[in-house]
Colleague: 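Have a look at this one before I ask anything.
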2 protein chains.
Amino acid sequence: MMESNQEYPRMLGAMLRIPFQAIVAKIDAGLRAKGFTDLRPAHFVVFQHIHPEGSRITELAERAQMTKQSMSELVNYLEARGYLERQPDPKDRRASIVRLSNKGEALNHAAREVLQDIENEWSSQIGWTQMNAIKEGLNAIIKLIEEENTRK
Amino acid sequence: MMESNQEYPRMLGAMLRIPFQAIVAKIDAGLRAKGFTDLRPAHFVVFQHIHPEGSRITELAERAQMTKQSMSELVNYLEARGYLERQPDPKDRRASIVRLSNKGEALNHAAREVLQDIENEWSSQIGWTQMNAIKEGLNAIIKLIEEENTRK
DNA sequence: CTATTTAGTCAGTTAATCTGACTAAATTGT
DNA sequence: ACAATTTAGTCAGATTAACTGACTAAATAG
């Protein structure tokens, strides 16, 4: 953060932040419009990181860079409202596996739909070539980040 | 948010989120290393939006998409620690103008330095051509977002 | 087969942000 | 000119988000 304000040339941080926050706001509004009204921004992080075959609380917490206590709270909230299900892990009786319920899958699908619409809208205006260049470039950067993380 | 997890192809939201969060973490660590240890992540938003000639609380709140009460608290914290100064606005006796102190300028400069280092590091690995393509593309998207905002 | 690590919960705390009610100054409409 | 409305900011209190510390029970390592 703290990367810029309009007086200086915009720096890379702001260039990423502005479209990212626009996307977050649009997904939030889009989901609300589609009837998912009981989610708060903090819950999104669970859907971002959950694995289709289910994930453990600890794993989700680590991926989301928060404590397992905090993640536990988010998962409890979403489980209580029917977005997630907990199953005991047969391999490890201390652990449980959290997975999307049908409702959770529906939410996920709706979110992806909204996001695809945004991408289509932007692409049609700036051109698909340029959008592809952005995506390729960002994926290259992500590769660097992931390499750095695995080295640690 | 909620744009992806590794099982599906990564969507645009995640492509922006991952490098953005990496940048935030690096700036946070970099500033800490440079001796700015009394800032919390929430405060960064003030520096992102403050104008070199000073800004009003209301203006900062609007740009940061939060209430003026919340922004007021952030500004109070930073003023108490010497990063910001408040002056009465001569044009409007209800308002005050918040601006960076010398210490605040130093912080801003340090943050920009860290960010430039990140950009240089990434560019040298993916190539400056590709980095420029990303930046051009993101700026085109930002232009769309800004147009949409002004239409509202 | 004891010692340590790991998965998760419970309880309490701090940080971040919000809503509502308010004051005083500025602006608008007549 | 001046009443009505809007705007800038604060104060007080509530809610949400995330943290630390202490704990239990199961798994793993020596």
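Quick note on labels: first sequence line is chain A, next is B, and so on, each numbered from 1.
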Colleague: Mapping A/R94 and B/S96 to their closest nucleotides on DNA chain D, which lands nearer the 5' end?
Modeller: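 Taking each residue's closest nucleotide, the earlier one in sequence belongs to B/S96.
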
Colleague: Could I get the full list of salt bridge (Lys or Arg N to Asp or Glu O under 4.0 Å) partners for A/R93, not counting sequence neighbours?
Modeller: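 Here no residue qualifies.
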
Colleague: At 10 degrees resolution, what angle do the end axes of the helix from C/dC1-D/dG30 to C/dT30-D/dA1 form when each is taken over five base pairs?
Modeller: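 Helix axis angle between the two ends: 40°.
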
Colleague: If you define the side chain from C-beta out and look only at heavy atoms, does anything of A/L84 sit under 4.5 Å from A/S101?
Modeller: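 No, too far: nothing below the 4.5 Å cut-off.
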
Colleague: Would you call B/E79 and B/R86 a salt bridge, using N to O less than 4.0 angstrom?
Modeller: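 B/R86 and B/E79: salt-bridged.
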
Colleague: Going 5' to 3' along DNA chain C, which are the first and last nucleotides with any atom under 4.0 Å from a heavy atom of chain A?
Modeller: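 It runs C/dT6 to C/dC10.
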
Colleague: Would you call A/E147 and A/K143 a salt bridge, taking side-chain N to carboxylate O under 4.0 Å as the test?
Modeller: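 Looking at A/K143 together with A/E147, the answer is no, because their closest N to O distance does not fall below 4.0 Å.
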
Colleague: Looking at residues 66-87 of chain B, who's got a heavy atom less than 4.0 Å off DNA chain D?
Modeller: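 Only B/K68, B/Q69, B/S72, B/R86 qualify.
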
Colleague: For the pair B/E113 and B/K26, find out whether any cationic side-chain nitrogen is under 4.0 Å from an anionic carboxylate oxygen.
Modeller: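 Result for this pair is no, no salt bridge flagged.
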
Colleague: Salt bridge (Lys or Arg N to Asp or Glu O under 4.0 Å) with A/E136: which residues, sequence neighbours excluded?
Modeller: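 With neighbours one apart ignored, the set is empty.
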
Colleague: Is any NZ, NE, NH1 or NH2 atom of the basic residue among B/R94 and B/D92 found under 4.0 Å from an Asp or Glu carboxylate oxygen of the other?
Modeller: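 Between B/D92 and B/R94 there is a salt bridge, with a charged N closer than 4.0 Å to a carboxylate O.
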
Colleague: Can you list, pair by pair, the side-chain donor-acceptor contacts under 3.5 Å of residues 125-135 of chain A, counting residues two or more places apart and other chains?
Modeller:
{"residue": "A/N132", "atom": "ND2", "partner": "A/W128", "partner atom": "O", "Å": "3.3"}
{"residue": "A/K135", "atom": "NZ", "partner": "A/E119", "partner atom": "OE2", "Å": "2.5"}

Colleague: Cation-pi between A/R40 and A/Y77: NZ/CZ under 6.0 Å from ring centre and within 45° of the ring axis?
Modeller: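 That pair qualifies as a cation-pi contact.
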
Colleague: Looking at side-chain heavy atoms only, is the closest gap between A/F47 and A/L39 below 4.5 Å?
Modeller: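 Sidechains of A/L39 and A/F47: in contact.
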
